[in-house]
Protein chains: 2
Amino acid sequence: MKRITMKDLAKEAGVSVATVSLVLNKKASHLSQATIDRVERLAKELGFVSNLHAKSLKTKQSQTIGLILPDITNAFFTQMAKRIEYHLTQAGYLLLLNHTDGVAIQEIMAIKRFKQLHVEKIVLVASHVSTYHFVEEHRLNHFVIFLDRIITKPAFCWVGSDDYQGGALVARALIAHHHYHVLCVTGPSHFTNVQERLAGFREVYQQNNHPYDVVCLEGDFTVDAGDRLAKTIFKHPYKAIFFMNDLMAIGFYHACMEAAISIQEQYAIIGYDDIEFVRYLSPPLTTVRQPIDAMARRVMHLILDEGEMHEKLPVTLISRKSLYAKREEE
Amino acid sequence: MKRITMKDLAKEAGVSVATVSLVLNKKASHLSQATIDRVERLAKELGFVSNLHAKSLKTKQSQTIGLILPDITNAFFTQMAKRIEYHLTQAGYLLLLNHTDGVAIQEIMAIKRFKQLHVEKIVLVASHVSTYHFVEEHRLNHFVIFLDRIITKPAFCWVGSDDYQGGALVARALIAHHHYHVLCVTGPSHFTNVQERLAGFREVYQQNNHPYDVVCLEGDFTVDAGDRLAKTIFKHPYKAIFFMNDLMAIGFYHACMEAAISIQEQYAIIGYDDIEFVRYLSPPLTTVRQPIDAMARRVMHLILDEGEMHEKLPVTLISRKSLYAKREEE
DNA sequence: TTGTACGCGTTATCAA
DNA sequence: TTGATAACGCGTACAA
């Protein structure tokens, strides 16, 4: 029951703790093979496990990374977490996870908690400007890596994907299918994400010499939002819809199902994120895929203090059947 | 940049570290209000954050819980993690998350890592018998709480749901819709889960005085498995299918879509878990819901050393449209 | 080749 | 009402 410490081990092996430490940390090149073997054998036998708290206290390195997400239920974040966790474990790090429900206070609390635990870096998907302020005020700029929801200030470390390009990609796909009147279901408008996607989207339409109209509805990136906004959408004459994340598109699918409306016959839809599930919807959802693993790798580089402080990775359009050609302009 | 310690704080305030410690831990009932105020003010001003490693070293309490999951991408585990994380945070604990891909070695590695970090308890969804052995060998019985995938030995702590009942529920629903020839797509047969569900399922059919037949196909709880097994299922004459988790059912939906087979017209399907997405499938999936939050609460109780060591919680059938009455027996 | 001694940031036990 | 001081378990100069 009692925990074996290095002291116990030393006594048992008839050597000093210093010797034990050297052996266990593979810095025993100058020790006799006999003692090395003895110590290692005993460590195994007694089931010695080093105390990371003591180690961290001494070395000031915790081998621990904190990840703060708004929602571990959102498949996009989950996939991201999985990749990050994978790379981290490979590199010998431990992952601490905190969930904030997208609430500002929770985000700041999470940062504080992680600071207490002396995690080496925090990877943060922040939903509020106040969190950025907090990081700035406390001079945590090099301690926090912002992920996905970006405020593009040079003082911050961040990794994200190219939202402007994503918006443009969607617009081009819609235009290719002759949609010039489109509804745009955004997320909260203070997200840089949202602004960028919209900017890219609008830019493409403007470049294109054809009259067009874009009407925005603001959602909050939840399934529920898509479901609720459906009522408004049903009444609207426009039939091409760009949902700024897949979750809201799913909500809309659901509303259509309830209302016995056939999406294939009535709507042209594009989502964003390419979460795993959307390919199983009917019709399968056309969407913009963010390069999750590449982003996770960049995060790793930032953790290891390599590479650029800012990374904006390219996205790709995944064409599925939810985007049909509109036959004629109304 | 440099971290403020209690020593710094003590010097600044002109008191001893002991005093500082007392103030910060709210055990200063016998100190003068003046010093209390001074210390607290300075702590705020200098941005003092206590070092949890030092604290843990001393108190032997890390306020940390380790959660080991096979797959943080599986919506069922994710929802579970969310609830556990929620209750944990409420209680002032930190959550360490580890992902194992369902690989035996990874599971054991994760346990070791968490031991090093002196987490107070480990919550473990284990996929391998070898992991149970490991826990037993190392006398970790009271250190590990097994979740969901249970080996029902009294020596272990575990929290799960009533798989036997779940299987029975499914059978009764199928019988109510006059299905007496059914396919059963299971998970790996060494899972106690799978055995129990099957036992409950069979029992109900046996009790019912009507000729019946149950054919099992073994999957591995992934979407892919459902997709692959579809080929076999298509060739089979039986049209009622019990998938032992929703993911495999989703895979089957996908295969049907690819093959242009209408589920509504051809099949009666029941899944298991009630992950969020299945209600958005078409047709929405009938499935067995596990009481996720109740399970998370039990886990909390076990962490806090309250309540029974073993908990098996009741499940409920969620009826949706994937289960139609079969019109006539073939 | 190995051991001694100290420090990391806390808490807890005394004594003052 | 406060302050020394000894742990906690580990790493690491430096000495032997």
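Reminder, nothing fancy here: chain letters follow the sequence lines and each chain counts from 1. Note that the coordinates shown come from a computational prediction; the quantities given were computed from them, not determined experimentally.
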Problem set entry | Counterpart residues, side-chain contact (heavy atoms from CB on, under 4.5 Å), relative to B:Gln106 (two or more places apart) | B:Thr100, B:Val103
For this session: Any pair with a residue in residues 106-117 of chain A that passes salt bridge (Lys or Arg N to Asp or Glu O under 4.0 Å), sequence neighbours left out, goes on the list, sorted by first then second residue, please.
Result: none
Problem set entry | Test ring pair (Phe, Tyr, Trp, His ring centres under 6.0 Å) applied to A:His99 - qualifying residues, sequence neighbours left out | none
Problem set entry | Derivation and outcome, side chain to side chain donor-acceptor pair (under 3.5 Å), residues A:Glu136 and A:Asn141 | CA-CA 6 Å; A:Glu136 208 163 16; A:Asn141 299 355; 5.8 Å; no
For this session: Write out all pairs satisfying ring pair (Phe, Tyr, Trp, His ring centres under 6.0 Å) with one or both partners inside residues 42-69 of chain A, taking only residues at least two apart or from two chains.
Result: A:His53-B:His53
Could you list the donor-acceptor pairs under 3.5 angstrom formed by side chains in residues 75-82 of chain B, with sequence neighbours left out?
| from | atom 1 | to | atom 2 | distance (Å) |
| --- | --- | --- | --- | --- |
| B:Thr78 | OG1 | B:Ile72 | O | 3.0 |
| B:Thr78 | OG1 | B:Asn74 | O | 3.4 |
| B:Lys82 | NZ | A:Asp71 | OD1 | 3.3 |

Kindly list each side-chain donor-acceptor pair under 3.5 angstrom involving residues 86-95 of chain A, sequence neighbours excluded, with atom names and distances?
| from | atom 1 | to | atom 2 | distance (Å) |
| --- | --- | --- | --- | --- |
| A:His87 | NE2 | A:Asp293 | OD1 | 3.1 |
| A:Thr89 | OG1 | A:Glu85 | O | 2.7 |

For this session: List the protein contact pattern of nucleotides 5-16 of chain D with one symbol per nucleotide (5' to 3'): B for base contact, S for sugar-phosphate-only contact, - for none; contact means a heavy-atom distance under 4.0 Å.
Result: --BBBBBB----
For this session: List for me each residue that meets side-chain contact (heavy atoms from CB on, under 4.5 Å) alongside A:Lys60, sequence neighbours excluded, and say none if there are none.
Result: none
For this session: Using chain A heavy atoms and a threshold of under 4.0 Å, write down where along DNA chain C the contacts begin and end, 5' to 3'.
Result: C:dT1 to C:dG9
Problem set entry | Derivation of the salt bridge (charged side-chain N to carboxylate O under 4.0 Å, His left out) call for B:Glu12 and B:Arg38 | CA-CA 10 Å; B:Glu12 200 70 25; B:Arg38 187 148 33 92; over 6 Å; no
For this session: Estimate the overall bend of the helix from C:dT1-D:dA16 to C:dA16-D:dT1 from the end axes over five pairs each, rounded to 10 degrees.
Result: 50°
Exercise. Got a sec? Which of residues 30-46 of chain A come in under 4.0 Å of DNA chain C, heavy atoms?
Worked result: A:His30, A:Leu31, A:Ser32, A:Thr35
Exercise. If you take all heavy atoms of A:Ser62 and A:Val119, which pair is closest and at what distance?
Worked result: OG-CA, 3.6 Å
For this session: Assess whether side-chain contact (heavy atoms from CB on, under 4.5 Å) is satisfied between A:Thr35 and A:Val23, documenting all intermediate values.
Result: CA-CA 9 Å; A:Thr35 45; A:Val23 172; 5.8 Å; no
Exercise. Which pairs pass ring pair (Phe, Tyr, Trp, His ring centres under 6.0 Å) with one or both residues in residues 108-134 of chain A, sequence neighbours excluded?
Worked result: A:Tyr132-A:Phe146, A:Tyr132-A:Phe156, A:Phe134-A:His138
